[in-house]
Amino acid sequence: MQTDKRSFIIFSKYRRLQRLWQFFFTGWVLVMIASLVAAAILTKQLLWTPISAINMADIAANQFKMTNAAFVGTDKNGNPFDLNVAVGLQKYGDPDTVFLERVSGTVVQKQDNKYIKNKVQAQRGQYNIPQKIITLMGDVRVDSDTGDKIRTNQLVIRL
């Protein structure tokens with residue numbers, strides 16, 4: 001059986017193209033890997049993707065953020081209270097404190113077997129979780145059912 005010279009020539013041309021393609025493809029992949037490694041070493045950044053454009057400081061600062069939150073409970077004497085805040089957030093490095101913005105709510109006190117409701121408003125505040133202390137700051141207003149009014153810059157509520 002004799003081989004046709006034409007089919008051998010076509011087959012060998014195809015083989016050359018295949019080898020050329022493999023050479024360039026392998027070379028291109030190696031160049032890309034080398035450039036990514038070189039970029040990481042030279043810039044000292046490990047993220048080359050668009051994720052590196054995200055402001056990680058902003059994400060860490062607002063990681064534990066609540067909007068329009070309500071805090072309801074009773075104090076150590078069993079008197080009910082409720083606080084509403086526009087924004088409440090915990091900072092990443094300070095998990096024991098909740099920072100509050102635009103605080104409003106009611107605090108109930110028992111005095112002479114009567115319950116007195118006090119409406120509270122403040123620009124901002126802090127809630128210390130382990131000590132159970134709420135510190136209200138910035139134009140604090142307390143209006144009582146008895147007609148008493150308090151205007152101050154800071155008010156500490158122990159729960």
Task: Nearest heavy-atom neighbours spanning Thr135 and Gln154 - done: CG2-NE2, 3.2 Å
Open item on the list: Looking at every heavy atom in both Val103 and Gly125, which two are closest together, and how far apart are they?
Closed with: CG2-N, 4.3 Å
- [ ] Could you grab the distance from atom CD1 of Ile134 to atom CD1 of Ile129, nearest 0.5 Å is fine?
- [x] 10.5 Å
Task: Euclidean distance, Tyr127 OH relative to Ile133 CD1, rounded to 0.5 Å - done: 10.0 Å
Task: Any donor-acceptor N/O pair, Asn77 side chain to Asn79 backbone, under 3.5 Å - done: no
Open item on the list: What I'd like to find out is whether the side chain of Phe99 reaches to under 4.5 Å of the side chain of Asp94, using heavy atoms alone.
Closed with: yes
- [ ] Identify whether Val108 and Leu83 are in the same connected component of the hydrophobic contact network (ILVMFWY, side-chain heavy atoms under 4.5 Å).
- [x] no
- [ ] Give a yes or no answer on whether the side chain of Glu101 reaches the backbone of Ala86 with a donor-acceptor pair at less than 3.5 Å.
- [x] no
Open item on the list: Please report the interatomic distance CG(Leu136) to CG(Leu100), rounded to the nearest 0.5 Å.
Closed with: 7.5 Å
TODO: Determine whether Met137 and Leu155 fall in the same hydrophobic cluster, where Ile, Leu, Val, Met, Phe, Trp and Tyr are linked whenever their side-chain heavy atoms lie under 4.5 Å apart.
DONE: no
Task: Distance, nearest 0.5 Å, that separates NZ of Lys76 from CZ of Arg158 - done: 8.0 Å
Open item on the list: Rounded at 0.5 Å granularity, tell me how far OG1 in Thr106 sits from NZ in Lys119.
Closed with: 8.5 Å
Task: Salt bridge flag under 4.0 Å for residues Asp143 and Arg151 - done: yes
Task: Nearest-0.5 Å distance that lies between atom CZ in Arg141 and atom CD1 in Ile150 - done: 12.5 Å
Task: Non-hydrogen side-chain atoms of Val87 and Val85 separated by less than 4.5 Å - done: no
Task: Co-membership, hydrophobic cluster, residues Ile116 and Ile157, 4.5 Å side-chain - done: no
